Number of protein chains: 2
Amino acid sequence: MAVKSEHIPKATIARLATYIQVLSEFKREGTDVVSSERLAEACSVNSSQIRKDLAYFGEFGVRGVGYYVQDLITSIKRSLGIDRAWNCALVGVGNLGRALLRHREFSRKGFIIRGAFDCDPYKIGEVVEGMEIVCSRQLPAKVKELSLEIGVITTPPERAQRAANYLIGAGIKGIINFAPARIAVPKHIHLEYVDFFHCFYAAAFHIRFADTND
Amino acid sequence: MAVKSEHIPKATIARLATYIQVLSEFKREGTDVVSSERLAEACSVNSSQIRKDLAYFGEFGVRGVGYYVQDLITSIKRSLGIDRAWNCALVGVGNLGRALLRHREFSRKGFIIRGAFDCDPYKIGEVVEGMEIVCSRQLPAKVKELSLEIGVITTPPERAQRAANYLIGAGIKGIINFAPARIAVPKHIHLEYVDFFHCFYAAAFHIRFADTND
DNA sequence: TCATGTTTGTGAAATTAATAACAGAATCCT
DNA sequence: AGGATTCTGTTATTAATTTCACAAACATGA
Ligand SMILES: NC(=O)c1ccc[n+]([C@@H]2O[C@H](COP(=O)([O-])OP(=O)(O)OC[C@H]3O[C@@H](n4cnc5c(N)ncnc54)[C@H](O)[C@@H]3O)[C@@H](O)[C@H]2O)c1
Ligand SMILES: NC(=O)c1ccc[n+]([C@@H]2O[C@H](COP(=O)([O-])OP(=O)(O)OC[C@H]3O[C@@H](n4cnc5c(N)ncnc54)[C@H](O)[C@@H]3O)[C@@H](O)[C@H]2O)c1
């Protein structure tokens with residue numbers, strides 16, 4: 001049983017990711033046990049927030065003691081469904097796609113890019129980080145062959161919908177879209193947008209109007 | 001006057017960025033006027049949400065008509081403070097840093113990377129996308145010389161705090177941290193975290209537990 | 001064993017955000 | 001011109017999320 005409650009806020013999922021990051025840091029420092037209070041401080045959140053977030057998934061702490069760091073990392077990972085590897089397809093091997101392919105942390109965290117696809121004939125056949133770039137047309141075959149579950153779109157924005165359509169047709173389960181374009185997907189496909197500019201905009205807003213807001 | 005109300009929700013700022021994206025798409029398609037209803041549909045939000053978000057900043061629409069697309073883009077940009085250019089410093093010119101440097105969209109959107117800094121002597125002096133990589137030690141001088149306001153951290157996580165310290169010491173106003181590490185900054189410095197893994201985790205969670213959640 | 005101190009898990013309260021409802025303003029059509 | 005229609009801006013309502021507060025659980029030391 002991984003989920004105790006029915007609906008889990010999106011914000012909770014985002015925070016769980018932060019908790020893992022901070023807990024891993026504690027682990028590296030040699031801390032074995034941590035209280036919600038101390039974890040909260042390191043994550044800049046309220047301590048009840050942490051306890052409530054965890055309560056959606058189960059009881060992971062020991063009263064009077066706190067949380068065993070390694071155990072909590074394991075529990076959160078299981079709760080999020082990242083206690084196993086996920087096979088990913090990368091569509092669009094340009095600047096950003098290459099940076100992602102070269103990023104070791106993806107496989108370390110369990111997201112393994114097993115297929116790199118592009119439609120540019122000059123790029124097809126090229127090998128990046130031990131991965132051969134193949135034609136987008138091969139997506140359906142490769143998705144089945146390699147059990148790819150998550151599609152990562154790093155094409156130009158005007159091609160994002162097409163890339164999504166390929167992925168959906170190939171039977172992918174979720175899509176992470178790095179292109180700054182809204183795309184339409186059937187509702188059984190999980191879709192996440194990553195837009196770097198959002199945070200640049202937010203930074204500009206807060207710096208500019210630092211006196212009135214913030 | 002850019003801000004009508006005192007406090008503006010973080011979520012509103014994020015949505016405004018989406019509105020700009022979708023409005024720009026409408027503009028390219030030749031649409032001159034759009035209703036909150038239609039914009040809402042394209043952004044997958046509620047139409048009152050849009051009207052309310054905009055109301056924080058002013059009255060941009062015409063009753064019985066809707067919003068003039070170009071005017072609304074201009075108004076939102078002014079509201080966010082992105083009606084002018086922002087000079088940025090990039091610290092850490094590795095895989096991700098290079099992808100960002102090569103990304104034309106940054107300067108098109110008004111975020112101009114004017115300084116690229118690294119501490120690796122083999123990288124210093126190298127020219128990437130017309131930009132010479134200089135030593136991190138030169139940050140204070142360059143921040144003043146080039147009026148850099150936003151610092152972008154793309155160093156490994158264990159170096160993120162040091163990079164932040166350099167930037168803060170140099171007089172930067174805001175920091176966008178792409179490294180998966182929490183960093184401490186004085187409260188007058190605006191800080192944004194960008195963590196790609198958050199959305200991979202969210203995707204894994206929703207796909208894995210598609211039956212119970214979502 | 002029992003008192004004391006700590007810290008979790010959780011229901012209740014407070015805060016915040018999202019949605020609905022509608023009056024007022026503009027257009028369009030007859 | 002005036003009535004019907006459209007669509008914004010704003011207030012009211014509802015829903016969701018966060019914070020508070022405290023009982024229950026465990027640890028420690030006398
Ligand atoms: N580079 C960055 O730092 C950065 C930052 C933020 C967002 N983005 C976004 O990420 C996306 C990619 O950026 P980039 O800089 O890597 O662009 P890029 O032009 O370097 O790469 C795009 C790649 O997609 C391929 N492609 C185009 N259509 C395709 C299709 N239908 N199927 C498969 N492949 C296809 C192209 O051949 C090319 O290799 C863009 O949408 C961009 O806006 C990039
Ligand atoms: N590459 C990706 O796709 C990707 C994706 C998500 C997150 N990230 C994160 O972004 C960061 C950079 O990733 P990368 O793949 O580019 O790593 P990288 O190792 O290729 O680049 C890091 C660069 O930072 C420089 N550096 C180290 N310490 C520095 C300091 N104190 N001052 C200035 N420069 C310094 C290094 O010399 C190197 O050039 C990492 O924290 C990584 O976790 C990268």
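None of these values were measured; they are calculated from a predicted model. In the text below, chain A, chain B and the rest are named by the order of the sequence lines, each starting its count at 1.
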* Assert yes or no for the condition that the ring centre distance of Phe196(B) to Phe196(A) is strictly below 6.0 Å. => yes
* Structure fact -> Separation of dA21(D) atom P from Glu37(A) atom CD, nearest Å, is 14 Å
* Please check the phosphate of dT8(C) (OP1 and OP2 only) for any side-chain N or O of Tyr68(A) closer than 4.0 Å. => no
* Structure fact -> Regarding the side chain of His7(B), the nearest nucleotide among dA17(C), dT18(D), dA26(C) is dA17(C)
* Asked: Any chance CZ of Arg182(A) has more than 12 other-residue heavy atoms, nucleotides or ligands included, within less than 6.0 Å?
  -> yes
* Integer-rounded Å distance: dA21(C) C1' and Lys52(B) NZ -> 12 Å
* Of Gly64(A) and Pro9(A), whose nearest nucleotide on DNA chain D comes first from the 5' end? -> Pro9(A)
* Determine the interplanar angle of the Phe111(B) and Trp86(B) rings, folded into 0 to 90°, and report it as parallel if under 30°, tilted if 30 to 60°, perpendicular if over 60°. => parallel
* To do: Output yes when Arg104(B) and Glu129(B) qualify as a salt bridge under the 4.0 Å nitrogen-oxygen rule, no when they do not.
  => yes
* Quick one: is dT17(D) close enough that its OP1 or OP2 comes under 4.0 Å of any side-chain N or O from Tyr56(A)? -> no
* For the student: nearest non-hydrogen atoms of Gly81(A) and Ala204(B), plus distance -> O-CB, 4.3 Å
* To do: Would you kindly give the CG-to-P distance between Leu54(A) and dT8(C), to the nearest whole Å?
  => 10 Å
* Asked: Salt bridge check: are Lys77(A) and Asp83(A) linked by an N-O gap of less than 4.0 Å?
  -> no
* Looking at the side chain of Arg51(A), which of dG9(C), dA23(C), dT27(C) is the nearest nucleotide? -> dG9(C)
* Structure fact -> Taking every heavy atom of Ile189(B) against every heavy atom of Ile172(B), the minimum-distance pair comes out as CD1-O, 3.2 Å
* Asked: For the pair made of NZ in Lys10(B) and C1' in dA18(C), what is the distance, rounded to whole Å?
  -> 18 Å
* Pair Glu41(B) + Arg38(B), salt bridge at N-O below 4.0 Å -> no
* **Atom pair distance, as rounded to whole Å: CG in Asp53(A) and P in dA16(D)** => 17 Å
* Thr12(B) near the nucleic acid: base, sugar-phosphate alone, or nothing, with a heavy-atom cut-off under 4.0 Å? -> nothing
* Starting from P on dT6(D), measure out to CZ on Arg38(B) and report it in whole angstrom. => 16 Å
* Asked: Rounding to a whole Å, what distance do you find between Arg63(B):CZ and dT27(C):P?
  -> 13 Å
* Going by the angle between their ring planes, with limits at 30° and 60°, are Phe106(B) and His103(B) parallel, tilted or perpendicular? -> perpendicular
* Asked: Where does the angle between the aromatic ring planes of Phe57(B) and Phe205(A) fall among parallel (under 30°), tilted (30 to 60°) and perpendicular (over 60°)?
  -> perpendicular
* Structure fact -> Taken to the nearest whole Å, CD1/Ile8(A) to P/dT18(D) is 13 Å
* Would you mind reading off the bend of the helix from dT1(C)-dA30(D) to dT30(C)-dA1(D) from its two end axes, five pairs each, to 10 degrees? => 10°
* Asked: Looking across every strand, which nucleic acid part, if any, lies under 4.0 Å from Arg15(A) by heavy atom: base, sugar-phosphate, or nothing?
  -> sugar-phosphate
* Asked: Between residues 41-50 of chain A and DNA chain D, which residues have a heavy-atom gap below 4.0 Å?
  -> Asn46(A), Ser48(A), Gln49(A)
